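Below you'll find the structure, written out as structure tokens, and then a few comments.
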Amino acid sequence: MKMQENNINFTSFYNIGIWQTQFNKTNSKDLIEKCYQIKKEFPTVSKSNINGYQSESNLHTNPLFFSLVKLLNNINLQITNYPNNRISDMWVNISPRHSLNHKHNHGHDIHQLSGVMYLKVPKNSGDLYFYNPLNTNHVNHYQPTEGEILIFSQALSHSVGPNLSEEDRISIAFNYE
């Protein structure tokens with residue numbers, strides 16, 4: 001699995017870095033099939049998703065996803081230059097019509113990173129919202145695209161708006177340690 005470019009873009013919300021890059025979307029179909037296979041084999045876990053599916057967070061230990069883990073670890077190495085950082089948690093999100101993710105974060109250490117890889121993002125399937133840690137009434141929204149990977153601080157609270165499309169929104173979320 002390869003990124004389309006070795007280009008990682010950096011931006012900042014509330015003085016907290018957010019990195020964005022693209023992966024080769026030709027891999028999406030295979031990954032989407034694997035996500036549905038996981039959904040078929042394992043029950044949903046209640047995390048932040050409302051009315052959608054979230055897998056167990058051990059996806060990084062499943063051989064079906066080893067090439068993805070390698071790709072994500074390489075991206076993390078480019079961002080942090082810490083070769084010992086590795087995926088500690090990874091899970092599938094399949095969000096049908098009217099599902100959403102309520103406000104949450106993935107930890108309280110501003111220096112640890114989390115991310116999300118967007119496999120399928122139909123029009124009107126929900127924007128990603130980042131909350132100002134000093135004033136949660138101040139929110140920046142981000143419209144994700146298919147083939148995109150976003151990496152950000154685990155401490156940055158975020159949510160996903162409701163999927164108003166007729167198709168599933170599919171992503172894979174992950175944390176580094």
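Quick caveat, the model's predicted, so the values are computed rather than measured.
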Can you list every pair that meets salt bridge (Lys or Arg N to Asp or Glu O under 4.0 Å) and has a residue in residues 35-54, with sequence neighbours left out?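 Applying salt bridge (Lys or Arg N to Asp or Glu O under 4.0 Å) to every pair that reaches into residues 35-54, excluding sequence neighbours, yields nothing.
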
Could you note down all residue pairs passing salt bridge (Lys or Arg N to Asp or Glu O under 4.0 Å) where residues 129-150 supplies at least one of them, sequence neighbours left out?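 Salt bridge (Lys or Arg N to Asp or Glu O under 4.0 Å) check on residues 129-150 returns no pairs.
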
Do side-chain atoms of T21 reach the backbone of N7 as a donor and acceptor pair under 3.5 angstrom?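 The answer is yes, because a donor-acceptor pair under 3.5 Å joins these two groups.
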
Quick one: do the [X] and [Y] side chains pair a donor with an acceptor below 3.5 Å?
{"X": "S95", "Y": "N163", "value": "no"}
{"X": "D168", "Y": "Y36", "value": "yes"}
{"X": "N49", "Y": "Q54", "value": "no"}

Under the ring pair (Phe, Tyr, Trp, His ring centres under 6.0 Å) rule, what pairs show up with a residue in residues 54-95, not counting sequence neighbours?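 Listed by first then second residue: W91-H106.
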
Distance in Å, S171 OG paired with L150 CG, rounded so as to fall on 0.5 Å steps: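 Rounded to the nearest 0.5 Å, the OG-CG separation comes to 10.5 Å.
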
From L72 CG over to I172 CD1, what is the distance, rounded to the nearest 0.5 angstrom?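 Output value for this atom pair is 8.0 Å.
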
Tell me every residue that passes salt bridge (charged side-chain N to carboxylate O under 4.0 Å, His left out) with E167, counting only those two or more places apart in sequence or in another chain.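 Applying salt bridge (charged side-chain N to carboxylate O under 4.0 Å, His left out) to E167 gives K120.
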
By side chain to side chain contact (heavy atoms under 4.5 Å, CB included), which residues pair with D127, not counting sequence neighbours?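 Y129, H141, Q143, P144.
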
For N58, all residues meeting side-chain hydrogen bond (donor to acceptor under 3.5 Å, both in side chains), sequence neighbours excluded: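 Partners of N58 by the side-chain hydrogen bond (donor to acceptor under 3.5 Å, both in side chains) criterion come out as none, since no residue qualifies.
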
Identify the two heavy atoms, one from N105 and one from H158, that lie closest to each other, and give their separation to 0.1 Å.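 Residues N105 and H158, closest heavy atoms: CA-CE1, 4.1 Å.
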
